[in-house]
K.L.:
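Here it is: the structure, laid out below.
Computed over heavy atoms, backbone and side chain alike; hydrogens, waters and symmetry mates excluded.
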Amino acid sequence: VTPNSPAEKAGMQRGDVIMEYEGREVKDVNHLRNMVAQTEVGKVANLNVLRNGSTKGLTVTIGEQPTGLFAAAGAEQPTKDLGMSLEDLTPELARRFGYEKEMGVVVTDVEPGSKAELSGIQPGDLIKEVNRERIHNLQEFREMTAKTPKEQGLLLLIKRGPLTRYVLIKP
């Protein structure tokens, strides 16, 4: 727990396992990081943590997010419009998901109820194209999505395991 951080001020202790954030189950550290990142600075949030075998409720006042937090984690902060986090396809991720001979970006998290989730996108999916244009990395993904008019939606070519299909994220 970082000294003088909102977590420390809320009473969080080393070894606490955050089980719920604002009444929503926390799936993993990326999921928690994304939920916190989408919360207004200054808002009071409720947490349930597991500490020494018991559940304990904590309240934390959300502070300014340190710069470089997502860069350090290797993931892109989810966009409010799409609701998913992405990472460049590294050799380790390619081995893990069976994408050794592929190019694109890997979905690392999908926000519940987001446009990405409603379109059927799941963590572990590989995005190979945006609007029928091949992408190789996050930079190209950002460029393609930035030049797409919001009212048009995004047509993504997704690979999940051995299957590849197009998915439309509606505006």
K.L.:
If every non-hydrogen atom of G83 is compared with every non-hydrogen atom of S114, which pair is closest and at what distance?
P.N.:
O-OG, 3.3 Å

K.L.:
Rounded at 0.5 Å granularity, tell me how far CG in L155 sits from CE in M144.
P.N.:
10.0 Å

K.L.:
Would M19 and T55 count as a side-chain contact (heavy atoms from CB on, under 4.5 Å) if you check the C-alpha gap in whole Å, the side-chain angles of each, and the deciding distance to 0.1 Å?
P.N.:
CA-CA 9 Å; M19 306 298 289; T55 302; 5.9 Å; no

K.L.:
Please round to the nearest 0.5 Å and tell me the distance separating atom CG of L82 and atom CD of E117.
P.N.:
13.5 Å

K.L.:
Show the nearest heavy-atom pair for residues K159 and G161, with the distance to one decimal.
P.N.:
CE-O, 3.0 Å

K.L.:
Indicate yes or no for a side-chain donor-acceptor contact from S85 to the backbone of T108 under 3.5 Å, with no hydrogens or angles considered.
P.N.:
no

K.L.:
Say whether, by atom type as modelled, one donor and one acceptor occur between the side chain of Y99 and the main chain of G104 under 3.5 angstrom.
P.N.:
no

K.L.:
Tell me every residue that passes side-chain hydrogen bond (donor to acceptor under 3.5 Å, both in side chains) with R160, counting only those two or more places apart in sequence or in another chain.
P.N.:
D125

K.L.:
Rounded to the nearest 0.5 Å, what separation is found between the CE atom of M12 and the CG atom of L58?
P.N.:
5.5 Å

K.L.:
Out of L157, V107, L154, which residue meets the side-chain contact (heavy atoms from CB on, under 4.5 Å) rule with I127?
P.N.:
V107

K.L.:
Quick one: does K128's side chain get under 4.5 Å of M103's, heavy atoms only?
P.N.:
no

K.L.:
Is it the case that the side chain of N131 and the backbone of E133 share a donor-acceptor pair, with hydrogens and angles ignored and the cut-off at 3.5 Å?
P.N.:
no

K.L.:
Nearest heavy-atom pair of G63 and P6: which atoms, and what distance?
P.N.:
N-CG, 3.8 Å

K.L.:
How far apart are the closest heavy atoms of E20 and N48, and which atoms are they?
P.N.:
OE1-ND2, 2.9 Å

K.L.:
Distance from R24 atom CZ to L32 atom CG, nearest 0.5 Å?
P.N.:
10.5 Å

K.L.:
Indicate, with yes or no, if I62 and V26 share a hydrophobic cluster defined by side-chain heavy-atom contacts under 4.5 Å among Ile, Leu, Val, Met, Phe, Trp and Tyr.
P.N.:
yes

K.L.:
Which heavy atom in F97 sits nearest to a heavy atom in G124, and how many Å separate them?
P.N.:
CE2-CA, 3.5 Å

K.L.:
Distance check, rounded to the nearest 0.5 Å: E111 atom CD versus M35 atom CE?
P.N.:
7.0 Å

K.L.:
Would you say that P112 contacts E25 through its side chain, given a criterion of any heavy-atom pair below 4.5 Å between the two side chains?
P.N.:
no

K.L.:
Group every Ile, Leu, Val, Met, Phe, Trp and Tyr by side-chain heavy-atom contacts under 4.5 Å, then state whether V106 and I158 land in the same group.
P.N.:
no

K.L.:
Can you tell if the side chain of L156 reaches within under 4.5 Å of the side chain of V130, non-hydrogen atoms only?
P.N.:
yes

K.L.:
Can a donor-acceptor pair be found, under 3.5 Å and without considering hydrogens, that links the side chain of E140 to the backbone of H136?
P.N.:
yes

K.L.:
Between V49 and V36, is there shared hydrophobic-cluster membership here, with clusters defined by ILVMFWY side-chain heavy atoms closer than 4.5 Å?
P.N.:
yes

K.L.:
Hey, any chance L50 and L47 share a hydrophobic cluster, counting ILVMFWY side chains that come within less than 4.5 Å of each other, even indirectly?
P.N.:
no

K.L.:
If you count every heavy atom of other residues, nucleotides or ligands that lies below 6.0 Å from E100 atom CD, does the total exceed 12?
P.N.:
yes

K.L.:
Would you call E22 and K43 a salt bridge, using N to O less than 4.0 angstrom?
P.N.:
yes

K.L.:
Report all side-chain donor-acceptor pairs from residues 163-171 shorter than 3.5 Å, counting only partners two or more places apart or in another chain.
P.N.:
{"from": "Y166", "atom 1": "OH", "to": "E129", "atom 2": "OE1", "distance (Å)": "3.0"}

K.L.:
Test your reading of the model: is there a side-chain donor-acceptor pair from D88 to the backbone of L138, 3.5 Å cut-off?
P.N.:
yes

K.L.:
Rounded to the nearest 0.5 Å, how far does CZ of R96 lie from CG of L89?
P.N.:
11.0 Å

K.L.:
Could you tell me which non-hydrogen atom of P123 sits nearest to which non-hydrogen atom of D109, and how far apart they are?
P.N.:
CG-CA, 4.2 Å

